Amino acid sequence: MLRRFDRSLLSSDQTTRFSNGPGQPLKAAREDKGGSGGSKSDTGTITRTKPKTQRPNLYRVLLLNDDYTPMEFVILVLQDVFNKTREEATRIMYHVHEKGVGECGVYPYEVAETKVTRVMDTARKNQHPLQCVMEKQ
Ligand code: TYC
């Protein structure tokens, strides 16, 4: 009863679909307003009792190969910015070196953006052409 609402009021967009957090009012269904069931004291809002978990959009952060950035610099960046072990950083660096591109991690938008900025800033300061990009997963 409490959780019944008109699904057609919600778009198929994920943000809208999950935008009602715990305790937030939802638009009442048409049938809740007036008619037989309701009374004059109906407010037109119902409250979700079961919390809906929100899933953030995820972004892959990718490192691109070039001919000039030293391997050791790339390994240090992977350890520092992406919290990789020396072994995992070395594996990713060689993967990028051989394949041209490789994944450093998958993060929510703002985390991914911050990591891309950190890589690009440290590469530029050290005058290396290293490129880092993000793409929606
Ligand atoms: N190809 C570079 C070299 O031979 C190493 C390198 C690896 C550069 C990964 C960028 O994302 C990169 N020195």
Side-chain angles (χ1 to χ4, degrees):
M1 171 71 154
L2 264 181
R3 288 166 56 200
R4 186 155 52 91
F5 60 93
D6 184 355
R7 288 193 177 280
S8 70
L9 290 169
L10 305 175
S11 82
S12 61
D13 162 59
Q14 182 181 300
T15 307
T16 306
R17 184 150 37 98
F18 294 118
S19 67
N20 295 299
Q24 288 302 110
L26 297 169
K27 271 228 158 66
R30 195 173 297 284
E31 60 206 306
D32 287 348
K33 291 190 193 136
S36 52
S39 72
K40 283 239 167 84
S41 64
D42 280 353
T43 60
T45 57
I46 53 177
T47 303
R48 190 193 293 285
T49 51
K50 188 173 161 207
K52 272 268 179 193
T53 309
Q54 295 206 46
R55 292 176 314 161
N57 289 320
L58 295 177
Y59 292 78
R60 301 173 75 207
V61 176
L62 307 172
L63 220 45
L64 308 183
N65 188 38
D66 67 73
D67 293 338
Y68 305 102
T69 305
M71 290 183 172
E72 179 61 22
F73 183 83
V74 177
I75 293 169
L76 292 176
V77 164
L78 285 162
Q79 288 184 254
D80 187 39
V81 177
F82 298 97
N83 307 313
K84 304 298 185 189
T85 62
R86 177 85 193 171
E87 292 69 33
E88 180 67 354
T90 304
R91 189 192 67 74
I92 295 170
M93 186 282 297
Y94 274 117
H95 176 94
V96 176
H97 177 70
E98 285 159 18
K99 310 278 186 194
V101 59
E103 185 180 293
C104 310
V106 178
Y107 310 95
Y109 185 87
E110 286 185 359
V111 178
E113 193 183 39
T114 301
K115 288 185 188 292
V116 169
T117 301
R118 283 181 66 188
V119 173
M120 298 299 285
D121 283 356
T122 189
R124 186 172 37 79
K125 280 181 188 133
N126 290 278
Q127 299 185 303
H128 297 312
L130 181 63
Q131 295 291 304
C132 184
V133 298
M134 58 194 269
E135 65 169 33
K136 197 162 189 285
Q137 209 185 26

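Both counts, for ligands and for their atoms, begin at 1 and track the order of listing. Quick caveat: nothing in here was measured; it's all calculated off a predicted structure.
- Hydrophobic clustering of Ile, Leu, Val, Met, Phe, Trp and Tyr side chains at less than 4.5 Å, counting indirect connections, unites I92 with V111.
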Hey, can you pull the donor-acceptor pairs under 3.5 Å for the side chains in residues 74-82, sequence neighbours left out?
residue	atom	partner	partner atom	Å
Q79	OE1	R86	NH1	3.4

Start with the C-alpha distance between M93 and V96, add both sets of side-chain angles, then the distance that settles side-chain contact (heavy atoms from CB on, under 4.5 Å), and finish with yes or no. CA-CA 5 Å; M93 186 282 297; V96 176; 6.0 Å; no

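- Judged as a salt bridge (charged side-chain N to carboxylate O under 4.0 Å, His left out), the pairs with a partner in residues 95-104 (not counting sequence neighbours) are, in order, R60-E103.
- At a threshold of 4.5 Å between non-hydrogen side-chain atoms, the residues P108 and L58 count as touching.
- Qualifying side-chain hydrogen bond (donor to acceptor under 3.5 Å, both in side chains) partners for E110, counting only residues two or more places apart in sequence or in other chains: none.
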Distances only, to 0.1 Å: what are the N or O pairs between ligand 1 and the protein that fall under 3.5 Å?
residue	atom	partner	partner atom	Å
ligand 1	1 (N)	N65	OD1	2.8
ligand 1	1 (N)	D66	O	2.7
ligand 1	1 (N)	H97	ND1	2.9
ligand 1	4 (O)	H97	ND1	3.4
ligand 1	11 (O)	L64	O	2.8
ligand 1	13 (N)	T69	O	2.9

